[in-house]
Every structure is written in C-alpha cells, then in structure tokens.
Amino acid sequence: MNIFGIEDAMNLYGLDSWGAGYFGIDELGCLEVLPTKTSDRRVSMVRILEELKKRRIKTPVLLRFPQILHTQVHALSEAFERAIKEFNYGQTYFPVFPIKVNQRYSVVENLLNAGFTKNLGIEVGSKPELIGALSFVLPGEALTICNGYKDEEYLEAAILGVKLGKKILTVIEKPFELDDIIALHKKHGIAPYVGIRIKLNAKGSGLWEKSSGNASKFGLTTNQLLQGIEKLRDANLLGHLKMFHFHIGSQITEIRRIKEAIKEAARIYAKSRKLGVSIEYLNVGGGLGVDYDGSKTSSDASVNYTVDEYANDVVYTIQDVCKNEHVPLPRIVSESGRFLVSYHSALIVDVKDQTTEFYQRKPKFTAKEPQVVQDMLYIFENLTIKNYREYYHDALERKDELAALFNLGMIELEDRAKGEWLFWAIARHAVKYGKNTKVIADEFIELENRMFEKIICNFSVFQSIPDHWALDQLFPVMPIMRLNEKPTRKATIVDITCDSDGEVDKFVDLKDIKHALEVHNLKDKEPYYLAFLMIGAYQDTMGDLHNLFGAVNEAQILIEVGGKIIIQSATRGDTTGEALEIYGYEQEKLLRAVKSMIQEKIEDRQMSEEEGSALVNTYAQFFKSYPYLV
Ligand SMILES: *Cc1c(COP(=O)(O)O)cnc(C)c1O
C-alpha cells in the first residue's frame, strides 16, 4: 500500500504554488478555502456543498468568496502604499476596477465596499457599463474612468455623472472624440475631465499581446497627442486634461515589458508637463498578471513577478523619469482587473462517468480465435522490458491486419473486440516500460497521450471557462476530496456539450503542461467532485449558451472565524425555459404548439384526455428544470 499524504497531494496538484495562500487540504483529505489567507477561517468545499444541498442547490455550482475580493484589493493597495513609502514617492495611488473583467453586480458591489477605504474606482468601456457604474456610491476621490468608443449618449451619461459629483474621466481613444467633448462643453457649459490614451511603442507579452504596440486598436500617436493638446488649449479646456493612460494588454507575463511601457509613458507625461499641461494622473492600465500554474515564469499561464515587485517597479520607474526631467510626480492609477477578481470564484462540478475503454476486464481466450488474435495474445504474454518496442510495433501491424480482415468479413465482432482489448493492453504495458528508459521515445509519449481516459463532468466549457476554449488558457483543476488517497488514474475532462471542443486536456503543472489530471477511481454511488479554480476574471460572466447550457447555480459564501459557513445568497442558474427564451423560444408559444399536437392525438383517439393533459404538464414542468444533468 502506497503511503500518500496531504503533502503529496499539495505537491501533485501544485496547490502551494498557484494557490496564493487561499487553498489548503484538511485532515480528511478535502480541499479547503481560506478566504482571508489565515487559518482561523478555513472550510472545506465538501462542507460548503453539504450546506448548499440543504437549500437544494446542486452542482454544477459557482462559489463566490467576497472575502477573497477584500483580501485582494487590500493586497494591491498595500503593495503600492509600501512602495510609495519605501521610495518616498510624494503622491498617492488610486486603484480602479475595470468592470468588464467581472460585471456581476454582487462582485462589483462587494469589491467597491472592500476597496472603499482605498479609494477604489471603476473603469468602464461602454455606455451600458457606464450606466451601471453610475449607480455605485464611491468615495469622493475615487475615479470613474470611461474608456471605449463613445457616442453622444455615452458622453451625456458621463456629464450626468459629473453632475452627481463623481470624478469622471473620459479617455480619448480616437482624435475625433475630442471634438465631441468640446462640442458638448459648448452645449452644456460643463464637461467631464479628459484623459488621453497614448499609443506606445512598447509591447505586452503573453496571450493578449496584440492589444499593444504601434498597430494596436486604441490610442493617440505622438502627433495626434500634440494636436489634441492644441485643440484643448484653443477651446480653453486644457485644464480639463488630467490623465494619460495606456494599456498594453492583459496578463503581461514579463515584468520587463511592464517596465519598458512605464518608462515610455512616464517620459511622455514628463515632456507634456514641460509643455505646460498639468496632468495629474498617470494611468498604467491593466496587465498585472496572475500565476495560474504557480511556475513564476513568463509562460502564458504564469507571471515572473509578484504584486509587490509590480508596485515597486511602477512607482520607482515613474519617479526615476520625473526626477530626471525635473517635473512634479503624478498620482498613480492602475486598472488591475484580473488580479482583483480571478481568485474569488470556483466552479464545482460532479463527475458523471469515467470511460474505462482502456481498463476493461480481460476477455476469455479459447485458443480458437483467428490467427491474428492469437498472435496478439502471444505478444501480450511475452512482452518484456527488453522487447517492448519491437513487440509493440508487431502489435501495430497485427492491429491493421485485424481491421483489414474485419472489413473483408473474415472476423466476428467478438474476435475483433478481443483483438482491440489485446492491442490496448499491449500499448499500456509498452508505455509503462517506455518510462523506464532514460529518454522516452516520442512515439510512447504520444501513445500515452492518446490513452488517457476521459471523465465526463457536468458542466460546459463554453459557459464556465470560455478562455480555455478560445485561448487555451489554463486554470487549476483538482478533486475536492480523497486527497489523502493516492489517485490511481490519469484522465482528461470532457464536458456535457455535444461539441468536441468541450474538453480540457491541458492542465497546469510547475514544469510544463500536463496532458492529464490525476484522479481517483470512482466508487459506486459515491459522488466525486472536481473544482475549477481561479475563474473569477473574464470567465464566469462571459460564457455562452452552447447547447443551451445557461448560467450555473451560484452561491456567495462567507467564512466566519472558526469555520462557520454563512451562505449570503444562493441563486439558481438559468432554467431550461430561460435558456430557450434568450434565443426567441417563447415558452407560451412552445407550450401552445405541443398542446395542439397532443390535442390532435386525442381527437384521433390515439391518446386519452388524462394522458394528454399529463404530457402537457410534464412538458410545462421541463421549462423550470436545470439544463445540466440532475
Ligand atoms: C481589459 C482592460 C483592463 C483590465 O486588464 P487586466 O489585465 O484584467 O487587469 C484594464 N484597462 C483596460 C483599458 C482594459 O481594456
């Protein structure tokens, strides 16, 4: 019996590396969450599921931990406060939450409450986002930053915000937007503050790199910037220009890229100051990344810096340039979305089935099988560590032969099944022997990757982790139970959509990417759950309704000192009826159609009245059902 302890599970799944202190394993082998990173508030996901079960909330369920939002806002702000103190930077830092990263009302509300003492503001990128954002009460100094393309209505909404006493900054992304602001000022005698997005030469790095550099979609070039300044001067509005802004993309994996961008932007700030433009804020945009695989490298799923290093570099670099140019220091703004929200939510899914294609019981051989099957049996029985390569190649040939003979009608189904079983058994052993060599041959690596079993999980990749499908983004995934037991299987995950892309076959790993996840043998009738972690940024509100799998059930959880679970709210996901309505299937209309089909059957005496009305009821009930497997 292999001894497998909690430490082993921590290492195997990499919890210590990517968990940032938010996750642990209890003595029963269950995954725990520690929303304040302190051991006085810790609780296992299994216990949370039990509490939710009492309220009849089932998996798949999205858990939100507002205390994690609190911990993250404070981590960000305090990193900047420390840097400002250390370098004696004579200005302050203003965090701003870009609402597009997670628009869920409760998330924004919790985050803004948690960040109130830190002057946390909001960034919006569209008219509807602004309309939503205007409703939040912010501290007087906190910023509301308006990005994105702006029509007149968008600007009118910004002016409404100014009248409400908010510090609104509209960021000019295209030169003509300045004309609109000037015109609006003429009309109303009032205008929001103006920021200008500058186009940098510096580029980001990682999956989102293309939102930066000279060819990026947004921002003013040096010439446009100078013309813009003149235009504002002419309109007597130069005093309204308060901020320079740039954004080189999300999840910047290399700190070097961030420093380069800040150097360039700080220089533009300083030179403009010398032109008599009294810019107050330098906004370094988003890009502060999160270490999804825990490797602390510049790989796509990681970042090679910490939040402290980020804050230090931002503060130091700006100060360095400003000293050099002898200009006053700006207030620093960052629009860090991913960092603030990615940790706060987790999706728990139930494993529905383990396909055991490669682990079926050995068939009975009678020595009466066709020669090709008997040959394979011989290979299987005589395979050793010395001959496995050659024997495996022989088996490959026999497999082709088996297929050809079957197509000619010379092999019965039973014998074909035996041949297939033998082939995969040989392959499995060959892979095992292959691992004992110093350098594993490519063909055995590929073979192993083809042989991972698939486990079916009750969720939709497209709804819950869309970036995994769209961008190959990796998220930590692991079982939430039996972590004191050695997982004996390796599997990839398939979802319940009918789409072959609805699959997870890459997993975070410290050194590389894993092609399979270690899971336990399913036990009869005993539920088994996996958690997808760190999905709070860009995932849980961006998914689509592929196959009409809509929003999942949700619960907002507080953990009290001592581990008491408070369910602040529990909401059901979209019902089948709601998912249908989104695409124009009106429930009334569907019901009417089905009713009339049933009516016809009744009239034709193919169905009794009772049976008919029972069927109508059944159909109507389906609208209220959870689209996921129940
Ligand atoms: C998306 C976006 C952000 C958020 O970036 P993160 O990398 O999530 O912090 C910030 N600013 C702008 C302008 C954005 O478009």
Side-chain angles (χ1 to χ4, degrees), residues 69 72-73 75-77 79-80 93-104 107-108 111 115 120-126 129-130 133 143-150 154 169-174 177 195-200 203-213 216-220 243-255 257-258 261-262 265 281-292 300-303 305 307 310-311 314 332-345 466-467 470-471 473 475 534-542:
L69 296 174
Q72 286 297 105
V73 185
L76 177 66
S77 262
F80 272 94
Y93 165 70
F94 292 84
V96 166
F97 177 63
I99 202 168
K100 74 156 190 284
V101 184
N102 194 319
Q103 315 90 330
R104 177 71 63 207
V107 173
V108 181
L111 199 57
L120 177 65
I122 311 186
E123 184 265 357
V124 300
S126 70
E129 284 183 357
L130 175 57
L143 306 177
T144 302
I145 297 180
C146 306
N147 282 315
Y149 293 105
K150 297 163 207 70
Y154 188 141
L169 270 151
T170 39
V171 175
I172 306 300
E173 321 234 17
K174 291 278 167 202
E177 289 177 333
I196 289 185
R197 180 150 173 178
I198 45 187
K199 203 175 253 192
L200 299 181
K203 272 194 168 180
S205 61
L207 290 175
W208 288 267
E209 182 180 331
K210 77 170 184 293
S211 40
S212 60
S216 67
K217 191 163 140 192
F218 298 110
L220 268 59
M243 185 178 82
F244 280 161
H245 170 226
F246 69 89
H247 174 64
I248 57 168
S250 199
Q251 183 72 9
I252 306 295
T253 54
E254 289 179 63
I255 189 76
R257 306 297 185 117
I258 293 171
I262 292 169
Y281 300 90
L282 185 56
N283 178 348
V284 300
L288 170 56
V290 159
D291 196 357
Y292 292 96
D300 286 344
S302 186
V303 283
Y305 54 90
V307 61
Y310 176 81
V314 171
I332 299 173
V333 180
S334 88
E335 301 170 344
S336 308
R338 185 184 298 274
F339 181 83
L340 290 182
V341 294
S342 56
Y343 292 98
H344 94 281
S345 72
D467 279 351
L471 296 157
Q473 204 199 319
F475 298 95
M534 296 171 69
I535 59 168
Y538 300 101
Q539 307 309 304
D540 64 35
T541 60
M542 289 224 314

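Just so we're clear, the structure is a prediction, and the values are computed from it rather than from any experiment. Atoms within a ligand are numbered from 1 in the order they appear, just like the ligands themselves.
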Any atoms of ligand 1 less than 4.0 Å from a non-hydrogen atom of [X]? List them with their elements.
X      : value
Gly287 : 5 (O), 6 (P), 7 (O), 9 (O)
Gln251 : 7 (O)
Arg197 : 13 (C)
Ser336 : 9 (O)
Arg338 : 6 (P), 8 (O), 9 (O)
Asn147 : 13 (C)

Counting non-hydrogen protein atoms only, what is the nearest one to [atom]? Give residue, atom name and distance.
atom                    : result
atom 9 (O) of ligand 1  : Gly337 N, 2.7 Å
atom 11 (N) of ligand 1 : Glu335 OE1, 2.5 Å
atom 14 (C) of ligand 1 : Lys100 NZ, 2.8 Å

Checklist entry - Pick from Val73, Ile99, Ile122: which one makes a side chain to side chain contact (heavy atoms under 4.5 Å, CB included) with Leu111? => result Val73
[X] side-chain N/O to [Y] backbone N/O, donor-acceptor pair under 3.5 Å:
X      : Y      : result
Glu177 : Tyr149 : no
His247 : Gly286 : yes
Glu173 : Arg197 : no
Gln251 : Val290 : yes
Tyr310 : Leu76  : no
Glu335 : Val96  : no

Taking 4.0 Å as the limit for heavy-atom contacts, which would you say applies to [X] with ligand 1: side chain only, backbone only, both, or neither?
X      : result
Glu123 : side chain
Glu173 : neither
Ser250 : both

Next on the checklist: To check you understand the geometry: which heavy-atom pair defines the closest contact between Phe246 and Ile198, and what is its length?
Outcome noted: CB-O, 3.9 Å
Checklist entry - Is Gly125 near ligand 1, meaning one of its heavy atoms is under 4.0 Å from it? => result no
Next on the checklist: Below 4.0 Å from ligand 1: does a non-hydrogen atom of Tyr538 turn up there or not?
Outcome noted: yes
Next on the checklist: Let's go through Leu130 and Thr144 carefully: what are the C-alpha distance in whole Å and the side-chain angles of both, what is the deciding distance for side chain to side chain contact (heavy atoms under 4.5 Å, CB included) to 0.1 Å, and is it a yes or a no?
Outcome noted: CA-CA 9 Å; Leu130 175 57; Thr144 302; 4.3 Å; yes
